[in-house]
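Remarks on the structure that follows.
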Amino acid sequence: MLEKVCKDPQMLVDVYVNYDCDLEAPNLFERLVTTLSKIAQGAQSADPNSVVANQTTSIKGSALQCLVNLLKSLVDWEKSRRQSERKRGGSGSPEEDSAGESVELKSREDVTSNFEKAKAHKSTMEAAISEFNRQPVKGIGYLISNKLVENNPAAVAQFLRNTLSLDKAMIGDYLGQHEEFPLAVMHAYVDSMTFSEMKFHTAIREFLKGFRLPGEAQKIDRIMEKFAERYCADNPGLFKNADTAYVLAYAVIMLNTDAHNPMVWPKMSKSDFIRMNATNDPEESAPTELLEEIYDSIVKDEIKMKDDATGIGKGVRQKPEGEERGRLVSILNLALPKQKSAVDAKSESEAIIKQTQAIIRNQGAKRVFYTAQEIELVKPMVEAVGWSLLATFSVTMEEGENRPRVALCMEGFKAGIHITYVLGMDTMRYAFLTSLVRFTFLHAPKDMRSKNVEALRTLLGLCDSEPDSLQDTWNAVLECVSRLEFITTTPVIAASVMHGSNQISRDAVVQSLKELAGKPAEQVFTNSEKLPSDSVVEFFTALCGVSAEELRQIPARVFSLQKLVEISYYNIARIRMVWARIWTVLADHFISAGSHADEKIAMYAIDSLRQLGMKYLERAELTNFTFQNDILKPFVILMRNSRSGTIRSLIVDCIVQMIKSKVGSIKSGWRSVFMIFTAAADDDMESIVESAFENVEQVVLEHFDQVVGDCFMDCVNCLIRFANNKTSHRISLKAVALLRICEDRLAEGRIPGGALKPISVDADSAFDVTEHYWFPMLAGLSDLTSDSRPEVRSCALEVLFDLLNERGSKFSTSFWESIFHRVLFPMFDHVRHAGKESLISSGDELFRESSIHSLQLLCNLFNTFYKEVCFMLPPLLSLLLDCAKKSDQTVVSISLGALVHLIEVGGHQFSESDWDMLLKSIRDASYTTQPLELLNALGLENPMNPSILRDLKVHTDVYQFSSTDNGNISPLASPSSSTRNTVSQDHNQDSALQPIPDGSEGVPSPSGRAQKSAEAGSLQRSQTIGQRIMDNIFLRGFTSKPKSPTSETPVPSSPLKLPESLEPDARDEEESPLMETVRGKCITQLLLLGAVDSIQKKYWDNLKAPQKIAIMDILLSLLEFAASYNSYSNLRTRMHHTPAERPPLNLLRQELSGTSIYLDVLQKVTSGFNDNNRQNLESNGSQDTEDTKLEGIAEERLISFCEQVLRDATDLQSTIGETTNVDMHRVLELRSPIIIKVLRGMCFMNNKIFRKHLREFYPLLTKLVCCDQLGVRGALGDLFRIQLKALLP
């Protein structure tokens, strides 16, 4: 009978719908399955050969068959209903079908929804009742929270009265609670009952039918009190007050227990009962007739609850009878009831049957048997019984080797997996699948049996017949396939299968495994092509996980890795969106495999990656798509991270092969290609670098048009990286050349958006796509200018500035600003931030020369595009003068040489504000670089540090400026190498100063400016002054020591020669840090003098009066510091700390150069002190006042300066006349070049000025007539001859 029911799908569904979904009916379907499961899982008999054991086995098999048939019936019913729906959907006109389908669908959905709601309501109600029967308060809370009962006492009381399956003891316990809400429920419970015209004993019987009195006296008291109050309210006048009814209620309960409990003796008599209820006030006592009637009724018929009488509704947990009654006995002294006799049991059974028939008759009129047609009803049915079925199948599989039952379990697993997949029950489907996987026992081949082979066969069959159902269990399934392959291909593992069994059985199982490892296992992978999109991604993800596990094994296995390549080929034709998701998984795994410690595994993974890449490149890619780039990205990551040269070489070879075979198909993939070659450029292996560069070169030269869009930037970055490679300077130079080719083609418009266009005034000054292409090239070349290889550095420098000069006219202002700040200025960071161990310690002369050249090119570029970049003058000056403030001689010389070059080449373009800024910067630099450390007597005049004094003398004497060539300042190798000049006898000639025997240096004449053209030819002015300064400095070398004594000492005017300035043993002494700082500042001061001299020579006429005054101030500042340090007293003091054969520490050369330039400037201003110039100035209007003021200032400063020098000289001469101190003679000898310079300057002083101040000059000049320095007397004679001769009559 059960087998027929289980084979009838419609009957099963109807039973579920009409019983399990009815709140008032039992769960027949669920009980059926539960019972069959218990039978099928029944315990095995102790004696397997007994008749009982055979019967038990047969019954268990039948129960299992019923369960499998039941599950199949559900599958069949679902399939049949789905097919019928399809047939209905395929017939009729479209309009009728759509209208009919919508109505039918809505109706079906409503019906299904009703049943589902009913079943859900019933399940929730059962859970709530179960909770109430355990803990009444929590049960009521559960009912209210799930909205099964309204949150008010009346609704809860109604629920307690009408729900039959509630535990009566728990109802009584809840009603007796003293909390507010349960108390209100008890009141509502009692108030819902009606006792009108009902006898008292009958009312108590009716009242106690619905619950059992609790075991606590206080709870009983509250309940009885409310009953008495309700009874009196329904029967007014029967009792005088409710107290009488309350006492009577208690007495009735006691009488009931006394009369019917055999343990109570003696029994209560009628008179005892009447006396118990008597009171002092007869009116308050109950009528005697009523008491007698109650006594007779209770003694004759015991008060019982409904479940005590019938037993219906005892499906819930009940407390033991002895425990419940014992509690009442202990509280109320009640006796236990009599034990039931056989007759009583029979009569009770008959009562149950009669009551059940009555219930069926009463419900028959209103119940309707429903025939289900809705497919959705299967899901709640499976939810109700699925776990029981799974447990039964699992227990059966674990019990033994009964093949028929194993076959039934396999059918049950397949049916369960199918139905749960179709219905979308993922959790249960996963449980069925993982249980089936577990029963394959591939993880424990020693324990494997034939039933496990069947489980594996079933699993592989599912992969073939229903692969969609596996979904999130692919990982477990593919692990089984991997283990199967490992077992069948490893003899040692295969020999361990079915350990302990006979050889025949073992061979049979192994042979079965080998058969399954063939086509069935292969179908798992070939069927991946049929999987839907989501499932195939899960399949790839799972296989990658299994492959990763295989690669972690020792030794590593590549079975799953091979299969990954195969299924990738199978699925390569999927749409791009799906393949992108697949590749996201594959790429990570191939990167991991390509990084494997075993080089063979890594090479296999990379080669597999190459195959997939080649295959995918066969598909055309449209513009702006990037999937090719994603395909090749794993190569990029592996190339960057791999430490194996073999692997890196293989990656380059793979990319080269792709380029050669698929060059026409590559679009976005060029980005990854160039990234790989970029990584190769940094490789330590020269072969890898050369191979990669050869292909980059071929791409640029032969396939440039295909490298478009954003990939062009990757090409540029790649070439820059090759230019920076350290393995081959030949490749670096070629890479720079290719960068220039890319620039030319970019300018030609070969790259969309890269061609330069004329600058438009109305154009947006924001980001320009053109500049986006140009900037990386410029920045890369800028970085190369600091390369350690001279040829690379020089080539990059040349290409960079050629490019800027050639294309700069079309650059926007904002782009120029970016170029200066981000391309050009960073080139000199090594100069700007040079410290003690920078350029000087490196000894790299070529590096210094390139720095000079770079600064010159920068200044030339600035001058070339002055109109476009004039706003960059402040940061440019800041760069040059920041460097000038460094202590490093090389840095200072480079920067100030470049400053002079900038002024000489581009000064004619400077605006007034530019000149102001330039002069302010020079002034600040002159203040900052004053060697104030020389004034520190403790540091420099300490007799314990004589080497400091000698070091300064050596290094400052190198930078001697002469005033030959009409005051053009240039460094001298040595004074002895310069021509000796003298003043011509004919002062009216306009020629330059002639050599004189005393070797003193000449002073420019006022007419010297007229001779510039003649001097230009002799000086070969193809080079600027700044270039000559820098070239001469670096030809001599800053760190070289003097080659001869004469090259480092000034030539005195007397026949006496000064001793060598540095002893041979002292030259090897290490220079102190303080001395190095002082020396650097002295050099800076001399070079700043050169910069000022360049300005006053070439652009004096372009300057305004305030700017000329600023130049005077700068010169005076530089000069005053040197003159102060070189004062007679200071020189004499320092002589005591130096040997007699050596001169004291001095700044005579700086003072001499400053004096020459200062006198030249002052004489330029005062030379126009004549009538002709005044007439010209008067015609200029407002300029007259400024020039007159300027002349006045210059005259005052000229007279003051000359008078001060002469006064100091005469004071010294007077001192010498009074004493014979040798030190004084040495001081005068050292100071004599300054005196000579001033005297010769006065020779060409404006004669009107000279005459005007002759009264001040004459006494001073006459005192020098007796000077023992021949040079001074000679210069004085020239002065008398030129200036005073004209005054004689």
Side-chain angles (χ1 to χ4, degrees), residues 172 190 193-215 217-306 308-309 321 324-341 343-344 347-348:
V190 178
M193 304 180 74
T194 303
F195 302 115
S196 300
E197 300 181 357
M198 190 178 292
K199 293 183 178 181
F200 190 82
H201 58 88
T202 306
I204 286 184
R205 291 180 187 276
E206 185 66 26
F207 178 59
L208 295 178
K209 281 183 180 180
F211 66 95
R212 177 175 294 171
L213 284 173
Q218 292 180 349
K219 292 183 179 181
I220 297 175
D221 181 73
R222 283 190 287 271
I223 294 173
M224 290 294 102
E225 185 178 12
K226 179 59 182 176
F227 167 77
E229 185 263 343
R230 181 62 185 171
Y231 185 82
C232 290
D234 286 348
N235 298 276
L238 185 58
F239 300 108
K240 185 177 181 180
N241 52 50
D243 290 335
T244 305
Y246 169 72
V247 173
L248 180 58
Y250 258 107
V252 169
I253 294 173
M254 294 179 67
L255 175 61
N256 183 70
T257 305
D258 180 270
H260 300 285
N261 190 342
M263 297 178 64
V264 179
W265 190 264
K267 300 296 183 180
M268 184 185 300
S269 65
K270 185 180 293 186
S271 60
D272 293 334
F273 178 71
I274 294 172
R275 189 167 50 253
M276 183 187 298
N277 288 279
T279 62
N280 296 329
D281 186 358
E283 294 182 0
E284 294 181 0
S285 301
T288 304
E289 297 81 4
L290 176 61
L291 295 175
E292 291 177 351
E293 183 181 0
I294 291 173
Y295 180 86
D296 293 338
S297 175
I298 297 301
V299 170
K300 182 179 179 181
D301 188 9
E302 182 183 4
I303 299 175
K304 296 180 180 179
M305 291 186 300
K306 285 188 285 187
D308 288 338
E321 184 179 11
E324 291 295 332
R325 293 186 178 266
R327 290 165 63 192
L328 286 173
V329 169
S330 64
I331 297 172
L332 301 177
N333 194 25
L334 302 178
L336 293 174
K338 298 177 181 178
Q339 297 293 327
K340 294 181 181 179
S341 63
V343 177
D344 293 336
S347 62
E348 183 174 332

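Heavy atoms only: backbone and side chains are in, while hydrogens, waters and symmetry mates are out.
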What closest approach, in Å, do [X] and [Y] show between heavy atoms, and which atom pair accounts for it?
X: Leu291; Y: Phe273; answer: O-CE2, 3.4 Å
X: Ala203; Y: Met198; answer: CA-SD, 3.5 Å
X: Phe239; Y: Cys232; answer: CD1-SG, 4.3 Å

*Taking the side chain as C-beta and beyond, is there a heavy-atom pair between Ile294 and Leu248 under 4.5 Å?*
yes
*Does the side chain of Ile253 come within less than 4.5 Å of Leu213's, by heavy atoms?*
yes
*By ring pair (Phe, Tyr, Trp, His ring centres under 6.0 Å), which residues pair with Tyr231, not counting sequence neighbours?*
Phe200
*Got a sec, which residues hit salt bridge (charged side-chain N to carboxylate O under 4.0 Å, His left out) with Arg222, two or more places apart in sequence or on another chain?*
none
_The criterion is side-chain hydrogen bond (donor to acceptor under 3.5 Å, both in side chains); which residues satisfy it with Asn241, sequence neighbours excluded?_
Thr244
*What residues form a side-chain hydrogen bond (donor to acceptor under 3.5 Å, both in side chains) with Glu229, not counting sequence neighbours?*
Lys226
Please enumerate all residues that pass side-chain contact (heavy atoms from CB on, under 4.5 Å) together with [X], with sequence neighbours excluded.
X: Lys270; answer: Ile274, Glu292, Tyr295, Asp296
X: Asp234; answer: Thr194, Phe195, Ser196, Arg230
X: Ala228; answer: Ala245, Tyr246
X: Asp301; answer: Arg205

_So, applying side chain to side chain contact (heavy atoms under 4.5 Å, CB included) with Lys267, which one of Leu255, Asp258, Val299 is it?_
Asp258
Once you round to the nearest 0.5 Å, how far does [atom1] of [X] lie from [atom2] of [Y]?
X: Glu293; Y: Thr288; atom1: CD; atom2: OG1; value: 12.5 Å
X: Met268; Y: Thr257; atom1: CE; atom2: OG1; value: 9.0 Å
X: Glu225; Y: Ile220; atom1: CD; atom2: CD1; value: 13.5 Å

*Return yes if some donor-acceptor pair links the side-chain N/O of His260 with the main-chain N/O of Ile298 below 3.5 Å, else return no.*
yes
